[in-house]
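Note that these values count all heavy atoms, side chains included, but never hydrogens, waters or copies made by symmetry.
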Amino acid sequence: KLKFILNENLDEDNLLLNAVSSQKKIKNFYVEHNFLHHFFIGNYLDLILENFDKYITNGWGSKTNKKIIKGGTLSHVFDFSSLKKSSNPKNIYFLCGLPASRYPFTASFYSDCGYKKSISTVNNFEKFFLNLNSYNKKNIFIKRHPESYGKIISEYNGVDQSFLNNKNLKKNIINTDDKFFNLLENTRLAITAYYGTTFLQAIMFNVPVVLFYNRNSCYLKKSYKKYFENFSKVGIIQKSPKDAAIFVNKISKNPEIWWRQEKVQKVRKKFLDENINNVKFNDVLYKLTKSLSH
């Protein structure tokens, strides 16, 4: 009696399920994970479109491919309406990825997977902290990606342990299984060393965020460079860990002054308008399944 399967993952088990269900004439929908990957060269968009009946996105669409549906999936996963931002947020978080032994699947934007890239990523962490002033070294909390996720999905390799065991940083490391979403309300500034879920959460909840990422792994398509160039012009994306540290030193006492500037908010809004859809995901799904049931 099964008619539809929704999936947000391309690991081996799910791809096997996808193949079997296709033989049984079950419709397969790929529901975009809480991450936007279509900007990057070497993304897996073609793989999804080849193997799934529909691709329900976080809100971006396509004029040429009818398989792509604007779905508002990120707002469905994270209920931002349940959050209330503190009038005086106190905490600064450094959000670092979890270096892993292998890619969950092959895609260019996994900039911290594999031993060589893991070393490069952790070196970037160290360069960032090396260039922080004494105030920020004492007041920044280090928040890692949940280690349980890394062990299950992509084999956490421990390359970052030397960085984490640094005596000057150890007291500021928080529980790795805490989710950043639950910390947003009291976040004064988010600093992230990888382009991923945490960056989008900060942008959506309008929390000041600074990003630097491994540019030796993540290459942008020409048609999408404008987003990242605009982020760079207003300070949201920094060219290097050193540049990020210098910028954080400048704004960390009161990042809202920088963040609330009209030019910064304009770039943020344009990015959200073109890539994130706030429609109700259940409504989109209902219309889609109904149209395919006849």
Side-chain angles (χ1 to χ4, degrees), residues 2-78 97 100 102-114 145 149 152-154 194-201 204 213 217-225 227-228 271-272 274-293:
L2 191 62
K3 295 182 179 180
F4 304 99
I5 292 178
L6 278 68
N7 180 21
E8 66 154 17
N9 194 309
L10 292 181
D11 65 19
E12 293 92 336
D13 294 338
N14 281 342
L15 287 175
L16 179 59
L17 173 65
N18 185 60
V20 173
S21 59
S22 295
Q23 290 180 331
K24 295 180 177 295
K25 309 299 182 184
I26 298 170
K27 296 289 184 183
N28 282 279
F29 300 159
Y30 187 84
V31 180
E32 187 165 42
H33 188 65
N34 43 324
F35 172 73
L36 299 172
H37 67 87
H38 59 286
F39 307 126
F40 297 104
I41 294 172
N43 64 42
Y44 53 99
L45 183 58
D46 289 342
L47 176 64
I48 293 170
L49 295 176
E50 181 180 346
N51 287 281
F52 291 84
D53 296 291
K54 296 291 181 181
Y55 184 4
I56 309 175
T57 74
N58 282 305
W60 56 274
S62 171
K63 294 180 180 179
T64 58
N65 197 311
K66 293 182 179 180
K67 279 191 173 185
I68 297 175
I69 309 295
K70 294 182 178 182
T73 53
L74 190 62
S75 298
H76 175 71
V77 174
F78 299 107
R102 66 181 185 93
Y103 294 82
F105 46 84
T106 301
S108 64
F109 47 77
Y110 277 105
S111 59
D112 53 2
C113 291
H145 202 85
Y149 172 88
I152 295 170
I153 302 297
S154 52
Y194 70 108
Y195 170 80
T197 305
T198 51
F199 178 73
L200 290 180
Q201 288 176 341
M204 289 184 70
Y213 64 95
S217 298
C218 300
Y219 300 100
L220 297 168
K221 290 184 175 181
K222 287 184 179 180
S223 56
Y224 292 108
K225 283 186 177 180
Y227 295 124
F228 286 72
F271 177 82
L272 291 177
E274 296 185 10
N275 292 285
I276 304 294
N277 195 346
N278 288 321
V279 299
K280 291 183 178 180
F281 173 71
N282 287 345
D283 292 344
V284 174
L285 188 61
Y286 174 75
K287 291 178 182 178
L288 181 58
T289 54
K290 189 176 182 180
S291 67
L292 294 174
S293 297

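Residues Val284 and Val279 form a side-chain contact, since some pair of their non-hydrogen atoms from C-beta on lies under 4.5 Å apart. Looking at Phe39 and Asn275, their side chains come closer than 4.5 Å, going by heavy atoms from C-beta outward.
Only one option out of Tyr44, Phe29, Tyr30 pairs with Tyr55 in a ring-ring contact (aromatic ring centres under 6.0 Å, His included); it is Tyr30.
Here the shortest heavy-atom pairing between Asn65 and Lys67 reads OD1-N, 2.9 Å. When all heavy atoms are compared, the tightest approach of Ile48 to His37 is CD1-NE2, 4.1 Å. Gly71 and Asn277 make their closest contact through N-ND2, 4.5 Å (heavy atoms, listed as atom of the first residue, atom of the second, distance). The two atoms that bring Leu10 and Leu15 nearest to each other are O-CD1, 3.4 Å, heavy atoms only. For Met204 against Leu272, the heavy-atom pair with the smallest separation is CG-CD2, 3.8 Å.
Distance check, rounded to the nearest 0.5 Å: CZ of Phe281 to CG of Asn58 gives 10.0 Å. Between the CD1 atom of Ile276 and the OG1 atom of Thr57 there is a distance of 8.5 Å, given to the nearest 0.5 Å. How far CG of Asn43 is from CG of Leu36: 11.5 Å, rounded to the nearest 0.5 Å. Remark: Asn14 CG to Glu8 CD distance equals 9.0 Å, nearest 0.5 Å. The distance from atom OG of Ser62 to atom CG of Leu49, rounded to the nearest 0.5 Å, is 8.0 Å. A distance of 11.0 Å separates CD1 of Ile56 from CG of Asn7, quoted to the nearest 0.5 Å.
Proximity of the aromatic rings of Phe40 and Tyr195 is defined here by a centroid distance below 6.0 angstrom, and this criterion is met.
Partners of Tyr286 according to the ring-ring contact (aromatic ring centres under 6.0 Å, His included) rule, which considers only residues two or more places apart in sequence or in another chain, do not exist here.
Ring geometry, Trp60 versus His38: the interplanar angle falls under 30°, so the pair is classed parallel (tilted spans 30 to 60°).
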Identify every side-chain donor-acceptor pair in residues 19-26 under 3.5 Å, counting partners at least two apart or on other chains, and give the distances.
unit_1 : atom_1 : unit_2 : atom_2 : d
Ser21  : OG     : Leu17  : O      : 3.0
Ser21  : OG     : Asn18  : O      : 2.9
Ser21  : OG     : Asn28  : OD1    : 3.2
Ser21  : OG     : Asn28  : ND2    : 2.9
Ser22  : OG     : Asn18  : O      : 2.8

